[in-house]
Each structure stands twice: as structure tokens, then as C-alpha cells.
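Residues: numbered from 1 along the sequence shown. Only a predicted model underlies this, so the values are computations on that prediction, with no experimental measurement involved.
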Amino acid sequence: MTDPNPLQSSGNGAVPQPPEAARRLFGERLAQARRYVDMLAGPGVVRGLLGPREVPRLWDRHILNCAVVAELVPHGSIVVDVGSGAGLPGIVLAILRPDLRITLLEPLLRRITFLQECVDELDLRNVRVLRGRAEEFAGHLAADVVTARAVAPLNRLAGWCLPLVREGGEMLAVKGSSAQEELQAAERELTRLGAVDWSVAHVGSEFVDPPTTVVRVRAGRGVQERRRKRRKR
């Protein structure tokens, strides 16, 4: 039987060919996604942005895990990806959804350099890269959706992300199996920050197993009031 997911050679390990789920999700943009995977497996590993053991599972564990979050993002949204790191999920969303306007926000120079190289190489005209911490941009950036993956515990993450969200917009935090527990522990902080609704969603069951777990937090008027106060400082 032919291996449905053969491995291609890489200096940093075996890079899997895109699975059928990737072909269905990315369609005509699959070539861009493949090039991004090559960059993660090459320069991304060499510069310490990704562990070499992650290379064989780049598609399933990272690319597809991020791509399915797109179903939660409304068409034409302004998106800020906080702590973008190697571009997960920001670059994946940008490849899959050219209708989005995405800002990759990252404080570390070596990561910023890699992100800009990816944006240039992949010709992602819907993306800009900004260096800095989320709290430095509160009152200056206003997004429909703020994304974050593997950045910090939810109670701290909300304090960084929610001030960047417009009233009625959402923070989408990609989490693991402890998402519900994190959410319960963060409820008091979410209320203090002006959030008005929150829940745990499981997305992409037809593409990834297990489905991607996302904590959704909707911003209310209180978030806007805090933003205005920050802008006046």
C-alpha cells in the first residue's frame, strides 16, 4: 500500500507531505502553505523558533490546528495575532484568508525577522509585522479579532489581548485540554476587563483529530472605556 502521507527529506528531519485535509482546506493556496512549512522546518528550526521534533508533525499539529480557527473569524476582519512567534496562527490565517487584514505582533527581534521574511517570501500583502508587546499597543490598535496560541495562561492573556479588541469583537485563544479549567479560573478577570461573554469552542473536526480547542471571549463597552483612558495618557 502506498503511504498516504510520505515524508520528504529535510536538513532538520522528515517533513511530511501535505495530507488530504490540507489540500481540501487550502485549495489553490496549498503551494503557499507548503512553502511556509519549508520555512518553519528550515530557518524556523535553525533559529530556535520551532523544535526539531515538531518537524514531522508540522501539518497536523501546527498548520491544520491553526487553519481551522478561520471558521470563527468573520469575513473581512481586522485581526491582531498576539505573540505571533513563528507565525502560528497569524501566517496560516493570512494564507488561507486573503480577505483578512492581519497584524503580527511580536516583541523578539529574531522572531520579527523571521516573520517579515515569511511575509515577503509568501507575498502576503494582507499582513504587516509590528515589534512590541501587546500592552504597548493598547489604545492604538483596534481589532475585530485578536488571536493567540501558546502564549500565556488565560487570565494573563486576556489582560494583554482584550484591550486590543473592538466592542463586540472577540479574543480567540487556541488552548489545550485544560481550556475549560483555565476559563473558569479567569472569569473574574474577564469580567473586570469588560468581557461580556465567553465559551470554549471545538473546531475543525473534519480536518483535525482531536479538534482544535479555542477559548472565545467577546469584548464589551468596558474594554472600549479602558482603551480611551489609555489613549489619553
Side-chain angles (χ1 to χ4, degrees), residues 1 3-8 10 12-27 29-30 32-34 36-38 40-41 44-45 49-74 77 79 81-97 100 102 145-158 161 170-187 190 195 197-218:
M1 180 181 294
D3 185 349
N5 193 29
L7 302 179
Q8 63 185 26
S10 166
N12 296 300
V15 182
Q17 293 290 331
E20 180 58 28
R23 298 179 187 277
R24 287 190 286 132
L25 261 174
F26 286 96
R29 299 183 183 90
L30 182 62
Q32 274 183 302
R34 292 184 69 165
Y36 178 47
V37 166
D38 289 342
L40 287 172
V45 171
L49 277 69
L50 190 81
R53 293 183 180 180
E54 296 301 307
V55 172
R57 49 188 183 178
L58 270 171
W59 284 104
D60 294 333
R61 184 181 176 89
H62 298 286
I63 303 300
L64 295 180
N65 177 262
C66 291
V68 297
V69 176
E71 70 180 71
L72 301 178
V73 183
S77 292
V79 178
D81 187 35
V82 168
S84 198
L88 300 164
I91 286 181
V92 176
L93 293 175
I95 294 171
L96 186 63
R97 294 279 303 277
L100 304 177
I102 298 179
V145 174
V146 173
T147 58
R149 181 178 186 258
V151 174
L154 190 61
N155 55 352
R156 275 195 287 144
L157 185 64
C161 292
E170 281 193 314
M171 176 183 81
L172 302 177
V174 181
K175 289 290 184 178
S177 58
S178 63
Q180 191 64 56
E181 289 78 6
E182 279 195 56
L183 184 56
Q184 291 174 351
E187 285 183 347
L190 294 178
D197 187 39
W198 47 81
S199 62
V200 175
H202 302 282
V203 296
S205 58
E206 62 180 302
F207 299 106
V208 288
D209 184 20
T212 300
T213 300
V214 182
V215 175
R216 307 178 68 175
V217 180
R218 187 168 298 279

Discussion item. Any side-chain to backbone donor/acceptor pair from Ser205 onto Pro211? Under 3.5 Å, distance only.
Written reply: no

Practice prompt. Looking only at non-hydrogen atoms, find the nearest pair between Ala86 and Tyr36 and report the distance.
Written response: O-OH, 2.6 Å

Discussion item. Within this structure, what is the CD-OG distance for the pair Glu182 and Ser177, rounded to the nearest 0.5 Å?
Written reply: 9.5 Å

Worksheet item: Quick one: side-chain contact (heavy atoms from CB on, under 4.5 Å) partners of Ala186, sequence neighbours excluded?
Response: Leu154, Asn155, Leu190

Worksheet item: So which heavy atom on Pro74 is nearest to which on Leu100, and how close?
Response: O-CD2, 3.7 Å

Fill in: side chain to side chain donor-acceptor pair (under 3.5 Å) partners of Gln32, counting only residues at least two apart
none

Worksheet item: Going by the salt bridge (charged side-chain N to carboxylate O under 4.0 Å, His left out) test, which pairs reach into residues 85-97, not counting sequence neighbours?
Response: Arg97-Asp99

Worksheet item: What residues form a side chain to side chain donor-acceptor pair (under 3.5 Å) with Arg24, not counting sequence neighbours?
Response: none

Discussion item. Can you confirm whether His62 sits close enough to Arg149 that some side-chain heavy atom of one is under 4.5 Å from a side-chain heavy atom of the other?
Written reply: yes

Fill in: Shortest non-hydrogen contact between Trp59 and Pro16, atoms and distance
NE1-O, 3.0 Å

Worksheet item: With Thr147, which of Val92, Leu93, Leu72, Val82 fulfils side chain to side chain contact (heavy atoms under 4.5 Å, CB included)?
Response: Leu93

Worksheet item: What is the distance from atom CG of Leu96 to atom CD of Glu71, rounded to the nearest 0.5 Å?
Response: 10.5 Å

Worksheet item: Which atom names give the shortest non-hydrogen contact between Leu64 and Ala21, and what distance separates them?
Response: CD1-CB, 3.9 Å

Fill in: Val174 and Leu88: CA distance, side-chain angles, deciding distance, side chain to side chain contact (heavy atoms under 4.5 Å, CB included) verdict
CA-CA 10 Å; Val174 181; Leu88 300 164; over 6 Å; no

Item to complete: Keeping to residues at least two apart or across chains, list the salt bridge (charged side-chain N to carboxylate O under 4.0 Å, His left out) pairs with something in residues 82-92.
Response: none

Discussion item. Nearest 0.5 Å, please: how far is CZ in Arg156 from SG in Cys161?
Written reply: 12.0 Å

Worksheet item: What is the distance from atom CG of Leu25 to atom CD of Glu20, rounded to the nearest 0.5 Å?
Response: 10.5 Å

Worksheet item: Can you list the residues that meet the side chain to side chain donor-acceptor pair (under 3.5 Å) rule with Thr213, with sequence neighbours excluded?
Response: His202

Worksheet, complete the sentence: Between Leu157 and Met171 the two heavy atoms that sit nearest each other are O-SD, 4.3 Å

Worksheet entry | Minimum heavy-atom distance between Leu30 and Pro18, given as atom pair plus value | CD1-CB, 4.0 Å

Worksheet item: Does a side-chain heavy-atom distance below 4.5 Å link Leu172 with Arg216?
Response: yes

